[in-house]
Each structure stands twice: as C-alpha cells, then as structure tokens.
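Single-structure report; data block below.
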Amino acid sequence: MPAQLVYEGYVDRTTSRFAYTRVRSTWAVGGLVYSRWFWPQDKQGRSMYGDFGWGLQYTTATSRDLDITLNSTPMIGFGGIFPGGRRDYLIGLRLLHISNGGVKKPNQGQNQFFLTIGIRY
C-alpha cells in the first residue's frame, strides 16, 4: 500500500463553564507528523486511507487533566476518499490523545475525537 508523510499544524481554543476548573479558557497550538496509507481505488475512483502519527501541543494554561503546558499527542485515524473532478475529497475520523507522557504524575490526559474533512489537489 502506498503511503505519504503528512505534516499538519493546528490552533485550538477551549472554554469551560464548570466551577471546578482552574481556568475558564485556554489556547493550544500543536503540530502532527503522520503516515497516511492508501488502499487501492475501486472502479469509481473511491478509496480508503489510514493515519498513524505523533506530535506535540503547547497550551497557554494547565487544566485538571493536562497539568503541564507541553504535551505529547499520538494520533490514529481512518477515512474515505471520494473523487470530485480535479480534486479528491477526504472525510475521516480521528482519535487524538493528549497527555504529558508520564513526565509528571498524575498523567490524566484527554482523548479527543474529530470528524476531518479535506481536499486533495
């Protein structure tokens, strides 16, 4: 199965309305590096892909479950590729785990699920 090396960056803002949290909002900046494997195409040009990779995320404040500002972000995902003329459309699901990687105890972390939508030129 052919594969690609993908680099990705993101910015995220989280806001909490619960009284027990330390901060009400935080910004996060992260980067991911991952491999994307492609399955063979069918007669209509549709295919599937799988992602596996790792990255880092910096947050502007700590929280109850992320107790340091620089965290590890392993990631896994999968999706479908749908042809649309000159471009391909990618729709997928992703699981991103964010934690300190055991650097500090306790290591609670977060699991975040994403619906991803992309356009390949």
Nearest 0.5 angstrom please: [X] [atom1] to [Y] [atom2], how far?
X: Asp51; Y: Met75; atom1: CG; atom2: CE; value: 5.0 Å
X: Ile81; Y: Arg36; atom1: CD1; atom2: CZ; value: 7.0 Å
X: Thr59; Y: Asp67; atom1: OG1; atom2: CG; value: 10.0 Å
X: Arg46; Y: Gln41; atom1: CZ; atom2: CD; value: 11.0 Å
X: Gln57; Y: Thr73; atom1: CD; atom2: OG1; value: 6.5 Å

I want to check something: taking the side chain as every heavy atom from C-beta on, are [X] and [Y] in contact at a cut-off of under 4.5 Å?
X: Asp88; Y: Phe82; result: no
X: Thr116; Y: Leu90; result: no
X: Thr69; Y: Thr60; result: no
X: Trp27; Y: Val11; result: yes
X: Leu115; Y: Ile91; result: yes
X: Trp37; Y: Ser35; result: yes
X: Ser99; Y: Gln110; result: no
X: Leu32; Y: Leu96; result: yes

**OP:** Would you name the heavy atoms of Trp54 and Ser72 that are closest together and state the gap between them?
**Re:** NE1-OG, 2.7 Å
Original post:
Which heavy atom of Gly45 sits nearest a heavy atom of Pro83, and at what distance?
Top reply: O-CD, 3.7 Å
**OP:** Mark yes or no: Arg94 above the aromatic ring of Tyr34, with NZ or CZ under 6.0 Å from the six-membered ring centre and no more than 45 degrees from the axis.
**Re:** yes
Under 3.5 Å, is there a donor-acceptor pair between the side chain of [X] and the main chain of [Y]?
X: Thr26; Y: Thr14; result: no
X: Asn107; Y: Asn100; result: yes
X: Ser47; Y: Trp39; result: yes

Original post:
Is it the case that one hydrophobic cluster holds both Ile68 and Leu56, taking links as side-chain heavy atoms less than 4.5 Å apart, direct or via other members?
Top reply: no
Original post:
Does Met48 belong to the same Ile/Leu/Val/Met/Phe/Trp/Tyr cluster as Leu95, with side-chain heavy atoms less than 4.5 Å apart forming each link?
Top reply: yes
Original post:
Got more than 12 heavy atoms from elsewhere within 6.0 Å of CZ, Phe52?
Top reply: no
